[in-house]
Amino acid sequence: MAPSTTTQRNVVFVDGIRTPFGKAGPKGIYAETRADDLVVKTIRELLRRNPQLDPARIDEVAIAATTQTGDQGLTIGRTSAILAGLPETVPGFAIDRMCAGAMTSVTTTASGIGFGQYDVVIAGGVEHMGRHPMGEGADPNPRFLADRLVDPSALVMGNTAENLHDRFPTITKDRTDAYAVASQNKYEAARKAGFIADTLVPVATRSAAGWGLATEDEPPRPGTTLEDLAKLKTPFRPAGRITAGNAAGLNDGATAALLAGEDTALELGLPIGMRMVGFAFQGVDPAVMGIGPVPATEKLLARTGLKIEDIGLFEINEAFAVQVLAFLEHYGIADDDPRVNQWGGAIACGHPLASSGVRLMTQLSRQFAQRPDVRYGLTTMCIGLGMGGTVIWENPNFDGAK
């Protein structure tokens with residue numbers, strides 16, 4: 001007897017959550033908080049917000065971390081599931097694609113849902129850069145440089161951003177600084193409107209001064225001006241263009257999302273925040289890794305038959321302002337296009353590496369609920385060592401008449 005076959009089904013983003021993002025280092029809000037405990041908070045909050053979901057129905061927990069050691073090691077997807085109190089029957093695994101870790105957690109488990117092997121999953125990521133700086137314990141093969149497989153600048157992300165400026169001479173420091181100021185302003189407006197708070201779970205923190213409660217992102221600098229940014233040092237090159245003001249900082253934080261088959265979501269009464277249309281990853285020259293979102297998006301648009309004009313909302317990870325502007329310039333989109341990063345981005349709120357992909361998705365899902373006139377949205381990011389990743393989503397609230 002031939003085995004039964006499975007058919008593709010719709011994958012939906014049910015809900016997403018994140019911790020407030022902190023500044024990495026001994027003075028940051030999470031200096032005395034474990035990375036896996038940050039993940040546990042997000043998992044428990046997803047379950048609290050969706051009480052109709054029996055935890056035993058969760059088929060997989062996929063958690064990403066770029067530096068998989070210490071409290072970010074030991075198969076963190078499985079250990080976080082146990083620590084969060086999920087039934088022992090719920091498996092889990094760890095995943096790494098540097099900055100796109102959480103994005104890959106989502107696309108990998110979504111593939112399992114689409115193929116009918118999962119019904120409900122939790123996917124997310126964490127990075128505690130205070131405890132685990134990028135590259136900690138890494139031992140790059142000497143052949144990368146000895147055999148000239150990559151340019152030496154490819155191993156330092158700030159240098160790759162300077163290289164991107166070289167490739168796009170029209171993207172000046174003035175433009176990146178202006179973009180950074182706008183990111184801070186948009187984030188502050190969204191925070192005041194209550195949009196950011198809805199995406200956060202409060203986290204109890206410990207320090208030498210006692211216990212505290214993290215309820216807001218630590219990195220934002222409201223009121224930042226162009227004059228402020230013009231005074232900052234350019235640490236990667238003398239008279240360079242990358243500064244602490246037009247790039248994301250070093251941060252700590254975690255994210256998690258509930259994904260499900262659309263049929264399962266309807267069966268269980270789970271909300272449908274958005275439907276996955278497709279995803280793509282693409283490799284590029286590691287020395288200009290920031291260009292990665294462009295070919296990844298081109299690849300995905302070709303697969304789906306959509307055009308960039310069909311995208312009504314963009315959530316682009318702001319590792320560096322130049323990387324966002326390179327994407328916008330490629331597609332002829334204005335630096336201040338209102339469809340782009342409506343609530344600001346990582347330059348303001350932070351970028352805890354492997355966690356950020358789900359932050360983009362969570363915000364897009366919330367924006368879809370506010371915008372029934374928009375049918376498609378896009379989440380995209382550059383990835384260290386020369387890659388880009390893009391996911392296109394459909395708004396279930398779309399009303400073509402609006």
Side-chain angles (χ1 to χ4, degrees), residues 8-19 39-64 77 80-81 84-87 90-92 95 102-126 195 197-201 254-279 313 315 355-372 374-379 391-398:
Q8 183 176 337
R9 58 179 176 161
N10 286 339
V11 179
V12 299
F13 185 98
V14 172
D15 196 5
I17 196 70
R18 67 178 177 93
T19 67
V39 180
V40 166
K41 287 295 295 185
T42 61
I43 294 174
R44 288 178 173 171
E45 180 66 6
L46 284 176
L47 296 176
R48 187 194 70 80
R49 292 190 180 202
N50 298 277
Q52 64 273 52
L53 174 63
D54 179 355
R57 290 294 303 266
I58 298 170
D59 293 308
E60 190 74 90
V61 177
I63 301 297
S80 296
L86 297 183
V90 178
I95 201 162
M103 176 177 279
T104 306
S105 296
V106 167
T107 58
T108 299
T109 52
S111 300
I113 293 171
F115 194 58
Q117 306 308 297
Y118 299 144
D119 288 326
V120 183
V121 303
I122 290 176
V126 64
F195 300 151
D198 186 51
T199 68
L200 304 179
V201 54
T255 61
L258 270 178
L259 306 173
E262 186 165 12
D263 54 341
T264 301
L266 294 172
E267 171 201 342
L268 300 179
L270 295 170
I272 296 174
M274 50 189 185
R275 298 184 188 92
M276 182 179 285
V277 176
F279 65 87
L313 289 170
E315 280 293 316
S355 72
S356 289
V358 164
R359 178 188 67 81
L360 303 176
M361 296 170 190
T362 299
Q363 293 191 177
L364 180 62
S365 177
R366 303 296 201 282
Q367 291 164 11
F368 271 164
Q370 300 174 1
R371 296 289 304 275
V374 171
R375 183 171 185 182
Y376 297 109
L378 176 150
T379 55
V391 188
I392 292 178
W393 303 88
E394 183 180 24
N395 186 357
N397 311 293
F398 175 66

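Worth saying up front: this structure is predicted, and the values here are computed from it rather than measured.
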What's the shortest heavy-atom distance between [X] and [Y], and which atoms?
| X | Y | answer |
| --- | --- | --- |
| Pro396 | Gly273 | CD-O, 3.3 Å |
| Asn50 | Pro271 | OD1-CD, 3.6 Å |
| Leu53 | Leu268 | CD1-CD1, 3.9 Å |

Partners meeting side chain to side chain donor-acceptor pair (under 3.5 Å) with Tyr376 (sequence neighbours left out):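 So Tyr376 forms no side chain to side chain donor-acceptor pair (under 3.5 Å) with any residue.
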By side chain to side chain donor-acceptor pair (under 3.5 Å) - contacts of Ser356 (at least two apart):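 Expected list: His351.
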Under 3.5 Å, is there a donor-acceptor pair between the side chain of [X] and the main chain of [Y]?
| X | Y | value |
| --- | --- | --- |
| Glu262 | Val11 | no |
| Arg49 | Ile17 | no |
| Arg9 | Ile113 | yes |
| Ser365 | Thr362 | no |
| Asp59 | Val120 | yes |

Find the distance between [atom1] ([X]) and [atom2] ([Y]) and round it off to the nearest 0.5 Å.
| X | Y | atom1 | atom2 | answer |
| --- | --- | --- | --- | --- |
| Ile272 | Asn397 | CD1 | CG | 10.0 Å |
| Ile122 | Leu46 | CD1 | CG | 5.5 Å |
| Phe368 | Met274 | CZ | CE | 6.5 Å |
| Asp119 | Glu267 | CG | CD | 7.5 Å |
| Gln363 | Arg18 | CD | CZ | 6.5 Å |
| Gln52 | Leu270 | CD | CG | 5.0 Å |

Kindly indicate whether the side chain of [X], heavy atoms from C-beta on, has any atom under 4.5 Å from the side chain of [Y].
| X | Y | result |
| --- | --- | --- |
| Leu364 | Asn395 | no |
| Val106 | Val391 | no |
| Thr42 | Thr255 | no |
| Ser111 | Thr108 | no |

Among Arg48, Lys41, Arg44, side-chain contact (heavy atoms from CB on, under 4.5 Å) partner for Val201: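 That would be Lys41; it is the only one of Arg48, Lys41, Arg44 passing the side-chain contact (heavy atoms from CB on, under 4.5 Å) with Val201.
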